Colleague: 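Below you'll find the structure I mean.
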Amino acid sequence: MPASLNQIVPTPQSNYDQLSITEATGIQKKLRGFLNLDPLEKQIRTIAGADISLSLGSDTVYAGMIILSYPDLKPVAYSLIKSTTAFPYVPGYLAFREIPALLQAYEQIPEKPDVVMFDGNGFLHARRMGIASHFGVLTGTVTMGCAKKKLAGIYQEPGESRGAYTPVIDKGEQIGFALRSKEKVKPVFISPGHNMSFDDSMNITLKCLNKHRLPEPTRKAHEYVNLFRNGELKEGYHEIKELRLF
DNA sequence: GCGACAG
DNA sequence: ATCTTGTCGC
């Protein structure tokens, strides 16, 4: 992580497991000062989905990031890492439980993706520092969040048609969107993580939707980490061979 | 004190 | 998140 940040937050890999909630809150408040939500200027060529798979009653975590071409959304590579976590799941502090392993998965990717979409929130957080924003500030990358449940704020139910969305507001400030990603399903919650705007997060998400409720990046990430946990995929970085029909 | 509460 | 079978509905 950037040298300037190394002075104010502990190294995720070695020190997140031992933090108290009070200390974790302090770190989130410090990181918040580095958050940038300016519009994304460069064009997107690849987007990654990040997720974790866990076994019940085990501290082992199967983390992974799957890279897709954009806007084609074809899987081109994936990075898998088996690790452990000691920090418990506490609403509002998901980053401290999942980021150490996700950082390992990210670091072993030779050609970094232009955007990383997390299975969780970014700005849509009580202290505006959900896992997507936390990871983004730590690594200086472009990130966003897509959660299956609301973490904070209030919102009006979006229209029933696919693509309808409403703002999620907290303390008079917009912190994200509630999006009907598919007809007749509960909405998903979208928010920018770091180095992109609210509009960017919504536009990117809409381009990543197909027939499913979850956008392709996180849907594929979830699929891959589960295959990894079941032993059907191996740890490490792997490129997906282009399927040639002749 | 009460309700909410990502994965 | 994960544990689990069938089942209801588009």
Side-chain angles (χ1 to χ4, degrees), chain A residues 12 16-17 19 21 24-25 27-28 31-32 49-66 80-103 105 116-136 143-155 157 160-162 168-171 175-194 201 205 210-215 217-232:
Chain A
Y16 271 10
D17 284 354
L19 295 173
I21 294 299
T25 299
I27 289 174
Q28 292 181 328
L31 292 177
R32 173 70 183 83
D51 194 18
I52 293 287
S53 184
L54 309 138
S55 289
L56 214 57
S58 171
D59 61 343
T60 299
V61 299
Y62 298 82
M65 286 184 58
I66 169 76
L80 302 171
I81 278 290
K82 178 179 179 181
S83 186
T84 59
T85 182
F87 198 97
Y89 167 64
V90 180
Y93 300 87
L94 179 65
F96 297 93
R97 178 174 174 73
E98 301 194 347
I99 278 188
L102 288 175
L103 271 179
V116 181
M117 181 185 285
F118 290 78
D119 187 4
N121 297 295
F123 197 76
L124 204 166
H125 181 278
R127 289 168 292 287
R128 317 305 187 238
M129 196 43 66
I131 186 169
S133 296
H134 191 132
F135 185 98
T143 65
M144 61 167 289
C146 175
K148 298 180 291 299
K149 297 176 183 175
K150 187 199 70 173
L151 173 61
I154 56 176
Y155 69 99
E157 199 66 24
E160 64 293 326
S161 61
R162 176 178 183 281
V168 176
I169 308 294
D170 184 45
K171 299 172 183 174
I175 57 177
F177 301 98
L179 165 69
R180 190 79 66 190
S181 54
K182 176 185 178 184
E183 292 175 12
K184 299 175 182 179
V185 298
K186 301 295 292 181
V188 292
F189 299 85
I190 308 302
S191 63
H194 186 52
S201 69
T205 300
N210 52 25
K211 63 169 65 171
H212 305 284
R213 179 194 180 212
L214 297 183
T218 51
R219 194 180 75 80
K220 280 293 177 185
H222 191 267
E223 176 187 325
Y224 276 60
V225 293
N226 275 313
L227 288 173
F228 178 33
R229 181 164 68 87
N230 293 325
E232 295 170 57

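Here is how names work: the chains are called A, B, and so on, in the same order as the sequence lines, proteins then strands, and each is numbered from 1. Reckoned from all heavy atoms, side chains included, excluding hydrogens, waters and symmetry mates. None of the values given here were measured: they were computed from a predicted structure.
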Colleague: Classify the nucleic acid contact of A:D119 as base, sugar-phosphate or nothing, counting any heavy atom under 4.0 Å across all strands shown.
Modeller: sugar-phosphate
Colleague: Without decimals, in angstroms, what is the distance between A:N226 CG and B:dG7 P?
Modeller: 14 Å
Colleague: Separation of A:F135 atom CZ from B:dA6 atom C1', in whole Å?
Modeller: 17 Å
Colleague: Within the structure shown, what part of the strands sits under 4.0 Å from A:L124 by heavy-atom distance: base, sugar-phosphate, or nothing?
Modeller: nothing
Colleague: Indicate whether any N or O donor in one side chain lies under 3.5 Å from an N or O acceptor in the other, for A:T25 and A:Y93.
Modeller: yes
Colleague: Can a donor-acceptor pair be found between the side chains of A:R229 and A:S55 at a distance below 3.5 Å?
Modeller: yes
Colleague: Starting at atom CZ of A:R127, determine the distance to atom P of B:dA6, rounded to an integer number of angstrom.
Modeller: 13 Å
Colleague: Can you measure A:F189 atom CZ to B:dA6 atom P for me and round it to whole angstrom units?
Modeller: 10 Å
Colleague: Along DNA chain C, 5' to 3', what are the outermost nucleotides having an atom less than 4.0 Å from a heavy atom of chain A?
Modeller: C:dA1 to C:dC10
Colleague: Taking the side chain of A:R97 as its heavy atoms from C-beta onward, which of B:dG7, B:dA6, B:dC5 lies nearest to it?
Modeller: B:dG7
Colleague: Run the salt-bridge test on A:D51 and A:K220 with the 4.0 Å N-O cut-off and return the result as yes or no.
Modeller: no
Colleague: What integer distance in Å separates A:I131:CD1 from B:dC5:P?
Modeller: 19 Å
Colleague: Under 4.0 Å between a side-chain N/O of A:Y93 and OP1 or OP2 of B:dA6, yes or no?
Modeller: no
Colleague: Does A:G57 reach a base, just sugar-phosphate, or nothing at all? Heavy atoms under 4.0 Å.
Modeller: nothing
Colleague: Are A:Y155 and A:F189, when compared by the centres of their aromatic rings, separated by less than 6.0 Å?
Modeller: yes
Colleague: If I take atom CD1 in residue A:I99 and atom C1' in nucleotide B:dA6, what distance separates them, rounded to the nearest angstrom?
Modeller: 13 Å
Colleague: For a quick check of understanding: with a heavy-atom distance under 4.0 Å over all strands, which category does A:L94 fall into, base, sugar-phosphate or nothing?
Modeller: base
Colleague: Cation-pi between A:R97 and A:F87: NZ/CZ under 6.0 Å from ring centre and within 45° of the ring axis?
Modeller: no
Colleague: I'd like to know if the side chain of A:N226 pairs up with that of A:S53 as donor and acceptor (distance under 3.5 Å, no hydrogens or angles considered).
Modeller: yes
Colleague: Could you tell me whether A:D170 contacts a base, only the sugar-phosphate backbone, or nothing, with contacts defined as non-hydrogen atoms closer than 4.0 Å?
Modeller: nothing
Colleague: Contact class for A:H134 vs. all strands (heavy atom < 4.0 Å): base, sugar-phosphate, or nothing?
Modeller: nothing
Colleague: In whole angstroms, how far is the P atom of B:dG7 from the NZ atom of A:K150?
Modeller: 13 Å
Colleague: Please confirm whether the shortest side-chain N or O distance from A:K149 to OP1 or OP2 of B:dC5 is below 4.0 Å.
Modeller: no
Colleague: Pair A:H134, A:F96 - check ring pair (Phe, Tyr, Trp, His ring centres under 6.0 Å), show working.
Modeller: CA-CA 9 Å; A:H134 191 132; A:F96 297 93; 5.1 Å; yes
Colleague: What is the distance, to the nearest angstrom, from the CD1 atom on A:I175 to the C1' atom on B:dA4?
Modeller: 12 Å
